[in-house]
Asker: 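Below you will find the structure I want to go over with you.
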Amino acid sequence: MVKIDNITLPDFPLLLAPMEDVSDPPFRVVCKENGADLMYTEFISSEGLIRDAIKCRRKLDIFDEERPVGIQIFGGDEERLGMAAKIVDVTNPELLDINFGCPVKGIVAKGAGSGVLKDIPLMVRLTEACVKSTSLPVTVKTRLGWDDDTKNIEEVAERLQDVGVKALTIHGRTRCQMYKGEADWTLIAKVKNNPRIHIPIFGNGDIDSPQKALEYKNRYGVDGIMIGRAAIGYPWIFREIRHYLDTGEQLAAPTVAERVQVCKRHLQQSLQWKGPVAGIYAMRRHYLTYLKGLPGIKEFRNRLVTLNVPEEIEAVLDEVLRAYDGFEMAHTPIQLVNYHEKCPL
Ligand SMILES: Cc1cc2nc3c(=O)[nH]c(=O)nc-3n(C[C@H](O)[C@H](O)[C@H](O)COP(=O)(O)O)c2cc1C
């Protein structure tokens, strides 16, 4: 097993990455039910939390069935980040995560996100401010460094551990790389193999199949992996990886019934969390991703996205079930979208 302070996770835990506009409570529930061991909220602005911005506060919501969950915050001012950590503390997640990886210009310019990769003393002070402001375990998610000439993650890891960070997730790219090229896990492995490091080290970047998860586990020796883009529209990635790690065998692709069940579950959670109107709208972008690969599914999807009554949506989903009864779903390679400048991290 892997321990993050007082949180016990299974051996080689599979983490759902924090993803803006993606890792919300309804999506996290379906990931949890399909094998994610630890999940994070999308990043939340410390300034927004302090100003009581309603949108930010809503991001603190956690359904009990998705625990353990970490709340991720960002900010470039020690005092303000500490204040935000205190707010997070009272909302009772299992842990608090600090984002030192976001490459978006507006955030970097305020010295937050991956902006601190150019100022390690500031990064350490920001982390200390959080650790002192909360009784929750504090973890950090970051990148290898600012650019190719400043890949300082080895020093960063030691210094963060020294000020009380309980686990570190490293995305194998620099800030300047954004999403370009392939994630480089060799430095992540070096951090893991540093005898001074005793906190769990999680690797992140480009995991898109059970085979790759096993290969990277063996090659880089990390304590667990975090999965982002591959889980979007495909929460089954977690159970497929776990099964492959345990047995060496590829699970069959999710059946039509399982896909429909996840759609319904996501819809129910979305209604519960966002309410009857926003919950229906929020769900519209998900139908096609879950049902992708079924010939002619767009016709059903076009109907699903025009309906406003949950029972009518569920009735169309039941029609899908009947229409594709016995249809054998095949595995198709997961495409990792290259977000580059458009993406928050
Ligand atoms: C749509 C999207 C939103 C993201 N938002 C965040 C975020 O809020 N906080 C964060 O630390 N990383 C964020 N990331 C980065 C992911 O957590 C992860 O580090 C990155 O996608 C690489 O992992 P992957 O190759 O498994 O996708 C985001 C990524 C995507 C694709």
Side-chain angles (χ1 to χ4, degrees), residues 13-25 27-28 31 36 38-46 48-49 55-56 59-60 69-75 84 88 95-104 106-108 112-117 123 126-127 138-144 153 165 167-175 177-185 188 201-210 212-213 215-217 220 222 224-235 237-238 240-241 285-286 289 333-345:
L14 308 176
L15 281 54
L16 171 69
M19 288 186 282
E20 188 184 25
D21 272 340
V22 177
S23 305
D24 60 9
F27 179 65
R28 293 198 306 261
C31 286
L38 172 64
M39 305 186 291
Y40 293 85
T41 64
E42 63 179 290
F43 66 173
I44 309 177
S45 150
S46 51
L49 279 181
K55 203 172 161 213
C56 284
K59 293 179 186 173
L60 299 171
V69 170
I71 288 180
Q72 189 188 64
I73 57 173
F74 71 92
V88 169
L95 58 85
L96 170 81
D97 188 69
I98 317 173
N99 176 317
F100 289 140
C102 178
V104 163
I107 288 172
V108 168
S114 64
V116 293
L117 289 169
M123 187 194 231
L126 287 166
T127 307
V138 174
T139 62
V140 161
K141 176 163 177 281
T142 188
R143 291 185 172 225
L144 299 178
I153 189 63
V165 160
L168 181 63
T169 301
I170 307 166
H171 177 185
R173 289 187 172 86
T174 62
R175 188 274 173 185
Q177 268 181 291
M178 307 296 275
Y179 270 83
K180 290 180 212 105
E182 224 187 301
D184 174 6
W185 285 50
I188 306 177
I201 301 296
F202 302 121
N204 170 237
D206 299 351
I207 298 294
D208 60 359
S209 68
K212 193 164 186 177
E215 187 190 324
Y216 277 36
K217 174 182 188 278
Y220 300 110
V222 289
I225 50 176
M226 178 181 275
I227 296 157
R229 291 166 295 167
I232 301 176
Y234 202 79
I237 186 79
F238 296 101
E240 287 183 6
I241 291 177
R285 65 187 163 129
H286 294 290
T289 54
I334 294 177
Q335 304 290 331
L336 294 184
V337 179
N338 225 340
Y339 283 84
H340 295 296
E341 293 286 336
K342 274 185 279 166
C343 178
L345 230 210

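Every number for a ligand or one of its atoms is a count from 1 in the order of the listing. Along the sequence shown, residues carry numbers from 1.
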Asker: Quick one: which ligand 1 atoms are inside 4.0 Å of a heavy atom on G228?
Answerer: 24 (P), 26 (O), 27 (O)
Asker: Give a yes/no verdict on whether any heavy atom in Y179 is under 4.0 Å from an atom of ligand 1.
Answerer: yes
Asker: Between ligand 1 and F43, is the shortest N or O to N or O distance under 3.5 Å?
Answerer: yes
Asker: For D206, is at least one N or O under 3.5 Å away from an N or O on ligand 1?
Answerer: yes
Asker: For residues I98 and L126, determine if any side-chain heavy atom of one lies less than 4.5 Å from a side-chain heavy atom of the other.
Answerer: no
Asker: By number and element, which atoms of ligand 1 are closer than 4.0 Å to a non-hydrogen atom of K141?
Answerer: 10 (C), 11 (O), 12 (N), 15 (C), 16 (C), 17 (O), 18 (C), 19 (O)
Asker: Minimum distance, heavy atoms only, to atom 13 (C) of ligand 1: which one of A17, G205, P18 is it?
Answerer: P18
Asker: Does the N or O separation between Q72 and ligand 1 drop below 3.5 Å for any pair?
Answerer: yes
Asker: Does H171 approach ligand 1 within less than 4.0 angstrom via side chain, backbone, both or neither, non-hydrogen atoms only?
Answerer: side chain
Asker: Please state whether the rings of W185 and Y216 are parallel, tilted or perpendicular, taking 30° and 60° as the class boundaries.
Answerer: perpendicular
Asker: Can you spot which of I201, N204, T169 makes a side chain to side chain contact (heavy atoms under 4.5 Å, CB included) with I188?
Answerer: I201
Asker: Taking all non-hydrogen atoms of both residues into account, name the closest pair between Q72 and P18 and its distance.
Answerer: NE2-CG, 3.5 Å
Asker: Is the shortest heavy-atom distance from the side chain of S46 to the side chain of F74 under 4.5 Å?
Answerer: no
Asker: Inspect the contact between D24 and K59 and indicate whether a charged nitrogen and a carboxylate oxygen are less than 4.0 angstrom apart.
Answerer: no
